[in-house]
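Here's the structure, in structure tokens; my notes come after.
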Amino acid sequence: MNRAVWLWGILFALWLVLSWHFTTLLLTFGVATCVIAVWVAVRMGTLDRESVPVHLILRAFAYVPWLVWEIFRSNVRVARLILAPRLRVDPSIVHFFASQRTDLGRFIYANSITLTPGTVTTGIVGDDFEVHAIVQSEIDGSEENDMNRRVTWLEGEAAP
């Protein structure tokens, strides 16, 4: 029941942010729509730890700013690469081990890699991530290991 309340709160907050209308009629429609959506999710039996990851909310406040900073740093590196007189493009495929225990954790890790400019997760087989990088020399594994550790922490498994 706790996850149903969290889901309703998240859906209604999203509805408010996206609609930005505060009339009685529209607020009533928003409340009713969110109640129906939660009721359907409860009836389908889809309210579990991965479908409503409320355990990630507090830790996400630490992870998301770090990820935004990493995206910014990678943007600068890729911009330098593009604007350099001699392009040092040396694309390669590298493999990384993911220490996440859940599909949600691996999903967050794969998308964090892909969101970082210059790298794209091209395949996942179990705990093995195949990553395409624009420049092989810059993908030494240290950033990915740090990201792996932080996503594992976000998942609730270890300290950052």
Side-chain angles (χ1 to χ4, degrees), residues 2-21 30 34 37-38 41 46-160:
N2 189 21
R3 293 200 187 279
V5 173
W6 271 100
L7 178 61
W8 184 87
I10 292 168
L11 289 176
F12 188 67
L14 182 64
W15 187 89
L16 282 176
V17 168
L18 293 177
S19 72
W20 210 252
H21 289 283
C34 292
V38 170
T46 59
L47 292 182
D48 60 1
R49 186 172 167 87
E50 284 196 33
S51 64
V52 185
V54 294
H55 61 284
L56 300 181
I57 292 174
L58 291 177
R59 290 181 181 221
F61 285 113
Y63 179 73
V64 170
W66 175 83
L67 180 62
V68 168
W69 175 248
E70 288 299 312
I71 291 170
F72 174 76
R73 286 181 47 209
S74 292
N75 266 320
V76 170
R77 283 197 302 263
V78 170
R80 280 189 190 146
L81 178 70
I82 292 170
L83 298 174
R86 292 185 177 160
L87 291 178
R88 303 171 288 125
V89 177
D90 182 23
S92 63
I93 300 282
V94 226
H95 290 268
F96 291 108
F97 172 76
S99 62
Q100 292 74 38
R101 295 183 183 200
T102 63
D103 289 338
L104 179 63
R106 286 187 285 276
F107 170 80
I108 292 170
Y109 183 41
N111 282 299
S112 296
I113 291 172
T114 301
L115 281 171
T116 308
T119 56
V120 176
T121 306
T122 58
I124 302 172
V125 177
D127 292 333
D128 181 46
F129 281 44
E130 182 181 78
V131 178
H132 177 272
I134 292 177
V135 179
Q136 183 177 7
S137 62
E138 289 194 17
I139 191 158
D140 59 358
S142 61
E143 288 179 22
E144 284 68 24
N145 286 336
D146 188 29
M147 186 178 291
N148 183 29
R149 185 177 52 79
R150 288 178 184 264
V151 173
T152 302
W153 172 80
L154 176 68
E155 204 178 27
E157 298 298 326

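Atom set for the values below is all heavy atoms of this structure, side chains included, hydrogens, waters and symmetry mates excluded.
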Which pair of non-hydrogen atoms, one from Pro65 and one from Ala60, has the smallest distance, and what is that distance? CD-O, 4.0 Å

OG1 of Thr122 to CD1 of Ile113, rounded to nearest 0.5 Å, is 10.0 Å

Sidechain-backbone polar pair: Arg106 side chain, Asp127 backbone, donor-acceptor under 3.5 Å: no

Please list, chain by chain and in numerical order, all residues satisfying ring-ring contact (aromatic ring centres under 6.0 Å, His included) with Phe72, sequence neighbours excluded. Trp69

Measure the CD-CZ distance between Glu70 and Arg150 for me, rounded to the nearest 0.5 Å. 7.5 Å

Which residues pass the salt bridge (charged side-chain N to carboxylate O under 4.0 Å, His left out) test with Asp90, not counting sequence neighbours? none

No-hydrogen, no-angle side-chain donor-acceptor test under 3.5 Å, Ser74 and Arg77: yes

Test side-chain contact (heavy atoms from CB on, under 4.5 Å) on Thr116 and Met147 and set out the steps. CA-CA 11 Å; Thr116 308; Met147 186 178 291; 3.7 Å; yes

Give every residue pair that meets the salt bridge (charged side-chain N to carboxylate O under 4.0 Å, His left out) criterion with at least one member in residues 107-123, sequence neighbours excluded. none

For Val151 and Ser112, the nearest pair of non-hydrogen atoms, with its separation, is CG2-OG, 4.5 Å

Which distance, rounded to the nearest 0.5 Å, do you find between the CG of Leu154 and the CH2 of Trp66? 10.5 Å

Could you walk me through whether Phe96 and Val131 pass the side-chain contact (heavy atoms from CB on, under 4.5 Å) test, one step at a time? CA-CA 8 Å; Phe96 291 108; Val131 178; 3.7 Å; yes

What's the shortest heavy-atom distance between Ile124 and Ala110, and which atoms? CD1-CB, 3.7 Å

Report yes if some heavy atom in the side chain of Leu11 is under 4.5 Å from a heavy atom in the side chain of Val38; otherwise report no. yes

In chain order, what residues pass the side-chain contact (heavy atoms from CB on, under 4.5 Å) check against Leu81, with sequence neighbours excluded? Arg88, Val89, Ile134, Val135

Any side-chain donor paired with an acceptor under 3.5 Å for Thr121 and Glu130? no

Chi angles and distances behind the side-chain contact (heavy atoms from CB on, under 4.5 Å) call for Arg149, Asp146: CA-CA 5 Å; Arg149 185 177 52 79; Asp146 188 29; 2.5 Å; yes

Derivation of the side-chain contact (heavy atoms from CB on, under 4.5 Å) call for Arg3 and Trp8: CA-CA 8 Å; Arg3 293 200 187 279; Trp8 184 87; over 6 Å; no

Any side-chain heavy atom of Leu16 sitting closer than 4.5 Å to one from His21? no

Asn111: side-chain contact (heavy atoms from CB on, under 4.5 Å) partners, not counting sequence neighbours: Phe107

Do the side chains of Ile71 and Leu67 get nearer than 4.5 Å, heavy atoms only? yes

Flag for Gln100-Asn148: side-chain donor and acceptor within less than 3.5 Å: yes

Ring pair (Phe, Tyr, Trp, His ring centres under 6.0 Å) contacts touching residues 115-134 (sequence neighbours left out): Tyr109-Phe129

